[in-house]
> 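Please read through the structure below; I'll follow up with questions.
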Amino acid sequence: MNDASMFEFSESDAVQKQEQQRWKVLTVEDDPSYQQALIQTIKAVSVRDNLEIEVLSAGCVSEAAYVLSQHKDIAIVFIDVVMETDDAGLRLVDTIRNVVGNSQIRIVLLTGQPSFAPQKDVMKLLDIDEYWNKADLSAEKLHSVINSNLRTFKYIQQIENAKQGLQLILDAARSINGKHDIVSFSQAVLHEIAKIIQVTDGGGILFSGKNQTDSLPVLSTSGCFKDFEGHEVSEDIVGSEIFNEIQLSQKSRSHRITEHYSIFFFDTHHIDFKHYIILVKTETPLSEQSAALLQVFSENVGSGFSNIALLNRLTELAYTNISLNLPNRNWLQREIEKMNSIEINQAQLIIFEIQDFDEKAYALGFQFCKKILLRLVSNIQKTYKELNPRVSLFKDDSIAVILPNKTELNEQKVAQLKRQVFEINNVEQFIDVRVLVLNLSQLRNLSSEKMLNLAESALSNVDPQENEIIFFTSQHADEISSRFELMQKLRHAIADKDITVAFQPKIDLVSHQVVGFEALARWKLKDGSFVSPDEFISLAETSGLITELDNLIFTKILDAIKVLNKVIGSDYRVAFNASILDLVSDNYISEINNRVTNSGLKTCQLELEVTETQAIHNYERVNRSLEKFVELGFHISIDDFGTGYSSLEHISEIPASTLKIDRCFVNKLEVDSSSQHIVNMIMMLADTFEFDVVAEGVETAEQAQWLANIGCKFAQGYYFAKPMFIDELIVWLEHRHA
Ligand code: C2E
Ligand code: CA
Ligand code: CA
């Protein structure tokens, strides 16, 4: 909005206004001599009555129509009834009223023959004011005809202007009501005021005031005040007289309207302890009408200010915990967001978490917990009062405070805060508080939301027995934050089905035939690097994504098997890894089974790898699952064998057909006799319980040979092949057979 031009009239408005004091009268007469006489008389009347009248004339209907089209503001038209035809005059009247739609112009009919007088109802219908016999229209009569019709015309015009003014206000109100922030609202208000009062000089200024302060910050300006945007209203800007009036207006909380300036006072004190003032100043005195319109408009502006104040207040409420009347976590987040890097570097966030809050809430009731929290808040405020602590509710059970990080965490002070005593019904209650101290600079690259999330997870990762003050370290931050980001990415990757599967062949150590494959999940990041499955699987397990992830992987495995079967037949097995969470879930088995059957594959082509630790950890439960798997035709192998704490008793009962020797023994076979010893033992065990054995992580020919020599039937490892994606695998297989 360019406010400089606001108080300037548009061209047409200006003309209209100037000529409102002058009148135009048109005579339509085909008799030139009567026409002349009429014109002269009208001019004489105008001189006599001191009216400024411009007389226009036309000698026929078409000429009259032309003049009327050129002068929309003619006040009175004298029309001879009989011209080209007997009713030419009446037809002209009809055109004026019904075709052109000019209802303001006053019409006086004239005729030389009384018998041509129009009917009364026609006069009424066409809003013809008077009908005169030319012979009767003396100068004296003409004087009263002109005066009375001009009065009527003026009256009609005023009504019309008032209607337009009301329309203006309606429009203006609509336009300002669309604005919900105070600055654009203020600008719109001044803009609309300029339109309403239509003065070329002067300007407007809108500013706010607050109880108990003298400052009057300017919110928007227009016209002659446009240079004062961003200032405060002072005597220098508005002059001492007006400044005095402004102060009076503030004191009386009312508008003050004079000829050259108007001061409008808007009170939103009941909402936000503020008020708003609009000063409108003009060199030309405001017309009565403009002043009246301004008054009406100010009503709208007043409710607009209230609405915005209300809206702002509601927004503020979003940053407040209403029941405790404390700033909430949104507030804390916004506070941190607003800090610049210097402030971040100097700030410390301390979180005080009340221990066992839920139990206390349950046992002692909400009101009591509220008291605990408020007591904690006031203790914190007292403890750090010289440091201007900014306190907010962090979670239901914790209070956050922002302090300068120079604060020596006076152990004694914190100790006071760590254990608080309350008395309720004469019984002492001890409240233990855990304290987390975090320098915001440690997380300066993170968004404020993430900072708070990290603080929260740092607290929840702490051992519940831990009773010391926890200092958030940058190592801590790195771990959590990268895990955090990775979790978000994983969520997206799963949703986008961006997890793929690689297949690592399992080889018969005697025949060197491929007997099967292990399916291994792969996650490639946008930068091309891979995240290790150890990392993202455990991430998925802790973040509740594992079921979805395993589902996705399993789908990809089945798809790949279908492809492979076409290439090499179906005389091989594909092993897949399951998470312990899957194994103890009720639906997992039937879900897996359904999907295999639905894909048209046989369960005996699939092998479940369950780690030794998984199998033993929740033995009863897992074993039941495994038995069902076996019933359905799946094979089971025990993965990473040798690293878990096997119990012989259980091993014999697990319905697995294969043991996979963990690669940590295999890759030290040549150099480490104890590894050899362990592998030998596993081989004996397998022999006793009739397990097949797969050696994992075979990287050299020597290892393969050594294993073959002691009777290990199968192996898997880089020596034979790395895990490959399905297309690489097909090429690899073809190459082997060639
Ligand atoms: P795992 O089941 O013991 O898988 C064997 C791991 O050894 C794989 O690591 C494989 O790439 C690697 N490996 C194979 N041959 C050699 C070798 O000669 N030398 C060395 N140094 N390593 C070899 P990867 O793919 O990183 O998988 C790590 C673990 O992630 C797996 O260990 C498994 O526990 C888990 N995992 C992989 N895919 C899945 C899955 O789809 N679901 C579940 N729940 N876990 C999976
Ligand atoms: Ca495995
Ligand atoms: Ca393994």
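Both ligands and their constituent atoms are indexed starting at 1 by order of listing.
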> Could you tell me, for ligand 1, which of its N or O atoms are under 3.5 Å from any protein N or O, listing the pairs and their distances rounded to 0.1 Å?
unit_1: ligand 1; atom_1: 2 (O); unit_2: Glu518; atom_2: OE2; d: 3.1
unit_1: ligand 1; atom_1: 2 (O); unit_2: Asn577; atom_2: OD1; d: 3.1
unit_1: ligand 1; atom_1: 2 (O); unit_2: Asp639; atom_2: OD2; d: 2.9
unit_1: ligand 1; atom_1: 3 (O); unit_2: Asp640; atom_2: OD1; d: 3.2
unit_1: ligand 1; atom_1: 3 (O); unit_2: Glu696; atom_2: OE2; d: 3.3
unit_1: ligand 1; atom_1: 7 (O); unit_2: Arg663; atom_2: NH1; d: 2.5
unit_1: ligand 1; atom_1: 15 (N); unit_2: Gln504; atom_2: NE2; d: 2.8
unit_1: ligand 1; atom_1: 18 (O); unit_2: Tyr718; atom_2: N; d: 2.7
unit_1: ligand 1; atom_1: 19 (N); unit_2: Glu699; atom_2: OE2; d: 2.5
unit_1: ligand 1; atom_1: 21 (N); unit_2: Glu699; atom_2: OE2; d: 3.0
unit_1: ligand 1; atom_1: 22 (N); unit_2: Tyr718; atom_2: OH; d: 3.4
unit_1: ligand 1; atom_1: 25 (O); unit_2: Arg522; atom_2: NH1; d: 2.9
unit_1: ligand 1; atom_1: 25 (O); unit_2: Arg522; atom_2: NH2; d: 3.0
unit_1: ligand 1; atom_1: 30 (O); unit_2: Asp534; atom_2: OD1; d: 3.4
unit_1: ligand 1; atom_1: 38 (N); unit_2: Ala521; atom_2: N; d: 3.1
unit_1: ligand 1; atom_1: 42 (N); unit_2: Asn577; atom_2: O; d: 3.3

> When you measure from the side chain of Lys556 to the backbone of Ile499, do you find a donor-acceptor pair of N or O atoms at a distance under 3.5 Å?
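Judged by distance alone, yes, a pair lies under 3.5 Å.
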> Just distance, no hydrogens or angles: give the donor-acceptor pairs under 3.5 Å from side chains in residues 719-731, sequence neighbours left out.
unit_1: Glu728; atom_1: OE2; unit_2: Phe725; atom_2: N; d: 2.8

> Under 3.0 Å from the Ca ion (ligand 2), protein N/O/S atom count?
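Counting protein N, O and S atoms closer than 3.0 Å to the Ca ion (ligand 2) gives 4.
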> Will you find, in the side chains of Gln504 and Tyr718, an N or O donor that is under 3.5 Å from an N or O acceptor?
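Gln504 vs Tyr718: no donor-acceptor pair found between side chains.
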> Show your reasoning for whether side-chain hydrogen bond (donor to acceptor under 3.5 Å, both in side chains) applies to Asn321 and Arg329.
CA-CA 9 Å; Asn321 178 294; Arg329 184 156 162 171; over 6 Å; no
> Give the table of side-chain donor-acceptor pairs shorter than 3.5 Å for residues 661-671, with sequence neighbours excluded, one pair per line with atom names and distance.
unit_1: Asp662; atom_1: OD2; unit_2: Cys664; atom_2: N; d: 3.0
unit_1: Asn667; atom_1: ND2; unit_2: Arg663; atom_2: O; d: 3.3
unit_1: Glu670; atom_1: OE1; unit_2: Gln703; atom_2: NE2; d: 3.2
unit_1: Glu670; atom_1: OE2; unit_2: Thr700; atom_2: OG1; d: 3.0

> Could you check if a side-chain atom of Asn439 sits within less than 4.5 angstrom of a side-chain atom of Phe471, using non-hydrogen atoms only?
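Heavy-atom side-chain distance check fails, nothing below 4.5 Å.
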> Would you say that Phe530 contacts Trp523 through its side chain, given a criterion of any heavy-atom pair below 4.5 Å between the two side chains?
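No, every pair of side-chain atoms sits at 4.5 Å or beyond.
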> Does the side chain of Ile402 reach to within under 4.5 Å of the side chain of Met339, using non-hydrogen atoms?
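Yes, close enough: below the 4.5 Å cut-off.
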> Would you say that Gln605 contacts Asn565 through its side chain, given a criterion of any heavy-atom pair below 4.5 Å between the two side chains?
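With C-beta onward as the side chain, the pair touches.
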